[in-house]
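Here is the naming used below: chain letters follow the sequence lines, and residue numbers restart at 1 for every chain.
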Protein chains: 2
Amino acid sequence: MEIYQLRYFLAVAETGNFTKAAQRSFISQPSLSQQILNLEEELGQKLFDRLGRKVVLTEAGNTLLDGAHRIITEVDQTLGELKSDPLLGPRVSVGAIPTVAPFFLPGVLAHCRARVGS
Amino acid sequence: MEIYQLRYFLAVAETGNFTKAAQRSFISQPSLSQQILNLEEELGQKLFDRLGRKVVLTEAGNTLLDGAHRIITEVDQTLGELKSDPLLGPRVSVGAIPTVAPFFLPGVLAHCRARVGS
DNA sequence: TAATATTACGTATTACGTAAAGATT
DNA sequence: AATCTTTACGTAATACGTAATATTA
């Protein structure tokens, strides 16, 4: 079970339709179908009942739906905190005596930022 | 970012050592190293400071550590609920008039279970 | 020099797309 | 017949292992 599979699963659960779910996921419909089948096989549980053109969650599917929501929420939140966050990363502490600090530091720091490119 | 990568990351964070983390993860040490690098590249953040033989979490690493713990906990809980749980799956409701139920149902149901193999 | 991490590169797994077939309305 | 899903199969991406190369205590 991987994160990308859970995203596919959620797309199907929310659209109730493999074709639309595939479009939303930017992959072909058979590939998405395959991943859902892989998930079902790994879990040993059918996740959807294929009723003609309707796709409905099974009991196991509903259980996974709950978990997937919680997992993906945590994942996206964590990604949001981390992804290329410029506030994270190495810090530099600079000390200076009070007399010169207000005069020199602003210009010097701006120069540093410009050279580093941040 | 995928679940298997988060497990590798946790292994390194907990052991503070790529070699031991690889052993615990049952993969070779270079492969694990590569996955950590992939993660760092995707996130645009260094996750560990390699200080000679010590490996220490960066600030971004600590942020991911929190998230990874929550994510993996949810994942494992969800997997535990689902994986080949025989209680899940299709249910069959059987009705019978009170008079015959206690006499016939036990044997018939046992027979069904035996034929289905459950 | 011993212990550890990274780089280089080939192999094997596997996710994906296209085409064809099956199933349902 | 039209719409949707699954099956079949080839391709491309990539996770992994082995070997060689840094790097540090």
inquiry  = Let me test you: for the helix from C:dT1-D:dA25 to C:dT25-D:dA1, what is the angle between the axes at its two ends (five pairs each), rounded to 10 degrees?
reply    = 30°
request  = Check the distance between C:dA5's C1' and B:N17's CG and give it to me in whole angstrom.
outcome  = 10 Å
message = Under 4.0 Å, counting only non-hydrogen atoms across every strand here, what does A:Q29 touch: a base, just sugar-phosphate, or nothing?
response = base
inquiry  = I want to verify a distance call: between C:dT7, C:dT6, D:dT7, whose nearest atom is closest to the B:Q34 side chain?
reply    = C:dT7
note = ring-ring contact (aromatic ring centres under 6.0 Å, His included) pairs touching residues 28-62 of chain B, sequence neighbours excluded, are B:F9-B:F48
request  = Starting at NZ of B:K46, measure out to CG of B:L37 and round the result to the nearest 0.5 Å.
outcome  = 10.5 Å
message = Should the side chain of B:R53 and the base of C:dA2 be counted as holding a donor-acceptor pair, with the cut-off at 3.5 Å?
response = yes
key: Minimum heavy-atom distance B:A22-B:Q29, with the two atoms named   = CB-CA, 3.5 Å
ask   = How long is the gap from CD on B:E42 to CG on B:L39, to the nearest 0.5 Å?
value = 6.5 Å
query = Rounded to whole angstrom units, what separation is found between the CG atom of B:L47 and the P atom of C:dA5?
reply = 15 Å
message = To the closest 0.5 Å, what do you measure between CD (A:Q23) and CG (A:L32)?
response = 11.0 Å
query = Rounded to the Å, how far apart are A:E41 CD and D:dT7 C1'?
reply = 14 Å
query = Reckon A:S28 touches a base, only the sugar-phosphate, or nothing at all at heavy-atom distances under 4.0 Å?
reply = base
B:K54 NZ - C:dA3 P separation (whole Å) = 17 Å
remark   = Taking C:dA15, D:dG17, D:dC4 as options, the one with an atom nearest any side-chain atom of B:S31 is D:dG17
ask   = Rounding to a whole Å, what distance do you find between B:L32:CG and C:dT6:P?
value = 9 Å
remark   = Output for pair (B:L82 CG, A:D66 CG), nearest 0.5 Å, gives 10.0 Å
note = Expected list for residues 2-14 of chain A near DNA chain D, using heavy atoms below 4.0 Å, is none
task = Specify the closest pair of heavy atoms between A:Y4 and B:E2, including all atoms of both residues, with the distance to one decimal.
result = N-OE1, 3.3 Å
ask   = What are the two closest non-hydrogen atoms of A:Q45 and A:A60, and how far apart are they?
value = CB-CB, 3.7 Å
Whole angstrom value for the distance that separates P of C:dT14 from CE of A:M1 = 17 Å
ask   = Under the 3.5 angstrom rule, does the side chain of B:N17 hit a backbone N or O of B:T19 as a donor-acceptor pair?
value = yes
remark   = Closest non-hydrogen contact found for B:L47 with B:E40 is N-OE2, 2.7 Å
key: A:R50 CZ - C:dT25 C1' separation (whole Å)   = 18 Å
query = Side-chain N or O of A:S33 less than 4.0 angstrom from OP1 or OP2 on D:dT6?
reply = yes
inquiry  = I want to verify a distance call: between C:dA5, D:dT5, D:dT6, whose nearest atom is closest to the B:T19 side chain?
reply    = C:dA5
query = Looking across every strand, which nucleic acid part, if any, lies under 4.0 Å from B:L37 by heavy atom: base, sugar-phosphate, or nothing?
reply = sugar-phosphate
ask   = Roughly how many Å is it from CG in B:L39 to C1' in D:dT14, rounded to a whole number?
value = 14 Å
request  = Check whether any side-chain N or O of A:N38 sits under 4.0 Å from OP1 or OP2 of C:dA15, and answer yes or no.
outcome  = yes
